[in-house]
Number of protein chains: 2
Amino acid sequence: MQNIITNAMTVYPQVARVVVAVDCIIFGFDGRQVKLLLIHRGFEPEKGRWSLMGGFVRGEEGLDIAAARVLKELTGLEGVYMKQLSTFGEPRRDPVERTVSVVYFALIDINQYAAPLSDRFRAEWFTLKKIPPLIFDHREMVTQALVRLRQDAETQPVLFELLPAKFTMPQLQSLYEGVFSRKFDKRNFSRKVLASGLIVRTKAKEKSGSRKGAFLFRLNKSRRTLRPVFEHIAN
Amino acid sequence: MQNIITNAMTVYPQVARVVVAVDCIIFGFDGRQVKLLLIHRGFEPEKGRWSLMGGFVRGEEGLDIAAARVLKELTGLEGVYMKQLSTFGEPRRDPVERTVSVVYFALIDINQYAAPLSDRFRAEWFTLKKIPPLIFDHREMVTQALVRLRQDAETQPVLFELLPAKFTMPQLQSLYEGVFSRKFDKRNFSRKVLASGLIVRTKAKEKSGSRKGAFLFRLNKSRRTLRPVFEHIAN
DNA sequence: ATGAATAATTGTCATAATGACACTTTATTT
DNA sequence: AAATAAAGTGTCATTATGACAATTATTCAT
């Protein structure tokens, strides 16, 4: 494997070169609440303060790859599907040196990923209402991610990423309520979700957390977008 | 004004530094069709081929600022509101040197901005169906921008950015049809748009392009999102 | 065994939004 | 005055929505 920049290659003259970083925002759902994963930053400046999972992009590494690597290194999480959110590049956002940061975000089912997070990593989950002060512009990143998450969730069935393969209707509703910070009527909620044809009821029941037990649902194999696609101007 | 990186400042050791660029995608509407603005690239490699408006971010310059400057330099356009789309950073996307490009996009009313584009710039408008081959990954950037534009237009009244202050109902419908690449029923279309309360009919008529003439509409002063916000899961 | 307690599940009705559909109006041109 | 071209407008059947509360299934306590 060779270095991509060899002596023979032309390079753009007179152009500033800067450090490029990635930051990862991981939202999780534990069946009750939507949470955000944070770590204690491991190096100066701001060492020890709460931070998103971030790191520098390496020479021969694409952005998506870098984000996956950084997440793995700092939390042990692997195979998490992350989407690019936005890029932050104010000249002084990082006091050490100009750093442009590409932000990724993902949704996961906390219970599914509980194991890797355990010991050697100092990552912790925070509910959205109790996010501690974060370094740099990380708080702004999270705010933007939430806006985007809600926007996406309005038009696409993305929130199912946060659930286990089988889930109950009350869990699904809590999830939506958590993400949108509001309550829904349970009769209307289930009517609407079922009408979408996206989920199917199984025969099994989940029997913890309630005396009666709740039926488990799963995603319909033939996943589609909710309603052929939402268009406020249609036909 | 000082340089932000002084000798006294610590810098991150062992970290790769790369060129950061911005590329601008400008969508326009001329009353009939949605179009894309392109220029002949002015430097090697790929000099002379069609390209988005791009340039390098300077040392002390934020990303938004850089995008506005680059657009101005290459097209003369000023005061265009651009939104960040996404960042492209595959290691070999630019064959000269690794370059991470932050992509911005905007919507404008072509007629309003006709003047600045005129002579000394070699920018040209292309209909979406006749986009020529573009350099690097610019075609992919445009594709993503269109997806995003449609997504945004489904939930927010963004398309009005593409229209002059006063516009006719048939123009508005053409715009939506152009962006979504489909036809709408004019009765249902106007019913729906009017029901949103977003636009108001004026007494004036636009009398070119039709014998009868068409009433002019304007945006309602009290702009809101179309319907309090679209939620596929609500209440 | 019985009853109390807890959370899940389910239905109605009035109103609003949607989609399919075609004729009338207005002003110009011939 | 008639033809033409595009703009403007109405109905109806179907579906989606939002507001609303009683019933069911199970466990726990007595």
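Judged purely by distance below 3.5 Å, without hydrogens or angles, the side chains of S86(B) and Q84(A) pair a donor atom with an acceptor atom.
Legend: residues meeting side-chain contact (heavy atoms from CB on, under 4.5 Å) with F215(A), ordered by chain and number and at least two apart, are R201(A), K205(A), F217(A).
Below the 3.5 angstrom threshold, one finds a donor paired with an acceptor across the side chain of R191(B) and the base of dG19(C).
Side-chain nitrogen and oxygen atoms of K192(B) include at least one within less than 4.0 Å of the OP1 or OP2 phosphate oxygen of dT18(C).
Between N188(A) atom CG and dA14(C) atom C1' the separation is 13 Å, expressed in whole Å. Computed from coordinates, the F189(B) CZ to dG10(D) C1' distance equals 19 Å when rounded to whole Å. The distance between atom CD of E206(A) and atom P of dA25(D), rounded to the nearest whole Å, is 19 Å. Distance Q173(A) CD to dA7(C) C1': 12 Å, rounded to the nearest Å.
From I39(B), atom CD1 reaches atom CZ of R49(B) across 13.5 Å, with rounding to the nearest 0.5 Å.
Note on K183(B) versus E177(B): salt bridge recorded, some NZ/NE/NH1/NH2 to OD/OE distance being below 4.0 Å. Between R32(A) and D30(A) there is no salt bridge, since no side-chain N of the basic residue sits under 4.0 Å from a carboxylate O of the acidic one.
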| remark: With B for base contact, S for sugar-phosphate-only contact and - for none (protein heavy atoms under 4.0 Å), nucleotides 22-30 of chain C reads B--BBBBS-
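Residue pairs meeting the salt bridge (charged side-chain N to carboxylate O under 4.0 Å, His left out) criterion with at least one partner in residues 72-85 of chain B, sequence neighbours excluded, are R58(B)-E73(B), R69(B)-E73(B), K72(B)-E78(B), K83(B)-D152(B).
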